[in-house]
**Q** 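My questions all concern the structure below.
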Amino acid sequence: MAGGVAPPGDKSISHRYAMLAALSEGPSELANFALAADCHSTLACMKALGAEVRVEKNLVRMTGRGRQGLRESRRALDAGNSGTTIRLLSGILAGQNFTTRIAGDASLNQRPMKRILTPLRQMGARIEARDDNFAPLEIRGGTLHGIHYEMPMASAQVKSAVLLAGLFAEGATSVSEPARTRDHTELALEEFGVPVEKHGRTVRIQPNGGAQLTGRKAEVPGDLSSAVFFIAAASLFGGSTLHIQGVGLNPTRTAILDVLSRMGASIEMLALRTAQGEVMGDLAVKGAQLRGGLVEGREVPLVIDELPMLAALGPFTEEGVEIRDAGELRVKESDRIAALAENLRRMGAVVEERPDGLKVEGRKAGALRGAEIEPRGDHRIAMAFAVAALAAKGPTTIRDAECAGVSYPAFYDDLARVAERSE
Ligand code: S3P
């Protein structure tokens with residue numbers, strides 16, 4: 001692996017800026033906005049709710065009509081494959097004076113929504129869901145009151161849904177998380193003009209009886225969760241030197257760099273700066289011998305989206321990779337534990353699948369061979385196995401490979417560009 005790559009704008013941050021820009025007064029200009037299909041689902045929803053949206057490649061211009069400026073959508077909103085869209089937007093929709101129906105694709109409509117219904121209902125929201133847990137959701141907006149919510153699981157989406165509903169609630173809203181999760185919502189709220197208080201693992205907002213959010217210019221850092229596929233690929237091959245440019249390095253996202261470094265990866269951070277409270281910089285990655293190891297406990301929520309790549313590196317490591325306490329992986333875009341175990345085995349890996357994780361044997365269990373991969377429509381499974389395929393013997397075919405576009409439409413082009421062939 002050689003040369004440079006700039007992964008697309010961060011998906012999590014793009015969703016949040018798009019939602020807050022739609023609730024702001026005046027124009028916003030969002031540079032390096034994620035080209036991800038997921039974030040375009042959010043843009044389409046905000047447009048249907050009355051925001052002006054113009055997209056010029058990765059520059060998004062939006063004009064909102066202020067915090068009370070959303071309008072009823074005539075059609076049901078389509079969140080596509082995006083859990084962040086439906087869960088965060090539900091918080092906003094709960095506080096509107098109109099009713100909204102929102103649903104997604106077949107995968108999203110099978111993901112649990114009870115986790116947001118419970119706190120939003122405590123705030124006074126009226127939401128109906130299929131089997132009281134799944135989209136389509138019908139959200140009858142109305143008056144909300146602030147609550148303190150102790151989250152039963154470490155989920156940034158749940159935390160964010162409650163905080164965003166708190167924008168429309170009477171009184172203060174606070175959320176405590178059992179373990180630290182990404183804090184992009186907190187940082188974005190502050191940037192758009194809403195003060196946020198943080199005490200340990202509790203976040204609180206007091207929307208002050210309707211102070212306005214203000215449109216702004218913002219630059220979205222590159223997505224570290226997308227960069228991880230390149231970090232992994234460069235680590236796998238001895239002579240690699242890869243430069244990854246303009247990546248988000250928010251400390252609630254960089255645990256994966258600690259995990260990989262602990263396993264022996266060579267990753268250097270360069271040119272650090274901040275944009276809207278988000279740390280960003282470049283990464284220089286060299287090929288290395290990976291030892292492998294264990295990921296568990298409080299580290300898990302901080303690396304949740306990177307676990308597919310980490311597991312797929314397992315067979316190339318000295319000791320293998322073991323993941324525990326990650327039952328949440330079963331309710332992502334696919335059942336990622338099952339998808340990883342199945343596809344790793346197709347390539348000849350030795351895998352023990354467990355309810356909350358998996359153990360992937362290392363190099364001693366034998367070399368991987370190319371295989372036909374079934375990513376189950378899950379972008380991160382497709383990309384993780386594209387990387388594993390580079391280091392396997394023989395060709396690999398990834399079915400439905402374009403599902404990578406959910407977060408990274410140019411992934412295979414970028415990978416092909418930095419992968420040098422030695423015959
Ligand atoms: C996200 C939070 C995580 C993550 C998802 C994006 C976010 O989900 O897996 O890809 O943008 O807040 P959970 O909050 O369900 O853990």
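Each ligand, and each atom within it, is numbered from 1 in the order the structure gives.
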**Q** More than 12 heavy atoms of other residues, nucleotides or ligands under 6.0 Å from CD of Glu170: yes or no?
**A**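 Atom CD in Glu170 is not crowded, with 12 or fewer foreign heavy atoms closer than 6.0 Å.
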
**Q** Can you check whether Gln157 reaches Leu88 side chain to side chain, under 4.5 Å on heavy atoms?
**A**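 Yes. Closest side-chain heavy atoms under 4.5 Å.
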
**Q** Test your reading of the model: is there a side-chain donor-acceptor pair from Arg346 to the backbone of Glu372, 3.5 Å cut-off?
**A**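 Yes, because the side chain of Arg346 sits within donor-acceptor range (under 3.5 Å) of the backbone of Glu372.
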
**Q** Find all atoms of ligand 1 within a distance of less than 4.0 Å from any non-hydrogen atom belonging to Ile304, and give their numbers and elements.
**A**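 So the atoms of ligand 1 that pass are 9 (O).
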
**Q** Side chain, backbone, both or neither: which part of Arg182 comes within less than 4.0 Å of ligand 1 when only heavy atoms are counted?
**A**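 It is the side chain that gets close, since no backbone atom is under 4.0 Å.
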
**Q** If hydrogens are left out, which of Arg87, His184, His15, Arg16 has an atom nearest to atom 7 (C) of ligand 1, that is, the closest non-hydrogen atom?
**A**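 Looking at heavy atoms only, the winner is Arg16.
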
**Q** Among residues at least two apart in sequence or on other chains, which ones pass ring-ring contact (aromatic ring centres under 6.0 Å, His included) with Phe411?
**A**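 ring-ring contact (aromatic ring centres under 6.0 Å, His included) check on Phe411 returns Phe229, Phe230, Tyr408.
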
**Q** In the protein, which heavy atom is nearest to atom 2 (C) of ligand 1, and how far is it?
**A**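 For atom 2 (C) of ligand 1, the nearest protein heavy atom comes out as Gln157 CG, 3.6 Å.
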
**Q** Would you say CZ of Arg180 has more than 12 non-hydrogen atoms from neighbouring residues, nucleotides or ligands within 6.0 angstrom?
**A**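 No, CZ of Arg180 has 12 or fewer neighbouring heavy atoms, counting only those of other groups under 6.0 Å.
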
**Q** Please enumerate all residues that pass ring-ring contact (aromatic ring centres under 6.0 Å, His included) together with Phe316, with sequence neighbours excluded.
**A**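 With neighbours one apart ignored, the set is empty.
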
**Q** Is Lys11 close to ligand 1, meaning an N/O of one under 3.5 Å from an N/O of the other?
**A**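 So ligand 1 has no N or O lying under 3.5 Å from an N or O of Lys11.
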
**Q** Calculate, to the nearest 0.5 Å, the distance between atoms SG and CG belonging to Cys39 and Asn58 respectively.
**A**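 Here the interatomic distance stands at 12.0 Å.
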
**Q** Counting heavy atoms only, which of Ser12, Ser160, Ala161 comes nearest to atom 11 (O) of ligand 1?
**A**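 Selected option, by shortest heavy-atom distance: Ser12.
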
**Q** Using a strict 4.0 Å cut-off to heavy atoms of Thr84, name the atoms of ligand 1 that fall inside it.
**A**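 Checking each atom against Thr84, I get 1 (C), 6 (C), 7 (C), 11 (O).
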
**Q** Have a look at Glu333, Lys332, Lys159 and point out the one with the heavy atom closest to atom 16 (O) of ligand 1.
**A**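 Closest candidate by heavy-atom distance is Lys332.
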
**Q** Can you list the atoms of ligand 1 that are under 4.0 Å from a heavy atom of Ala156?
**A**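 Result: 12 (O), 14 (O).
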
**Q** Of all the non-hydrogen atoms in the protein, which one sits nearest to atom 10 (O) of ligand 1, and at what distance?
**A**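 Result for atom 10 (O) of ligand 1: Asp305 OD2, 2.8 Å.
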
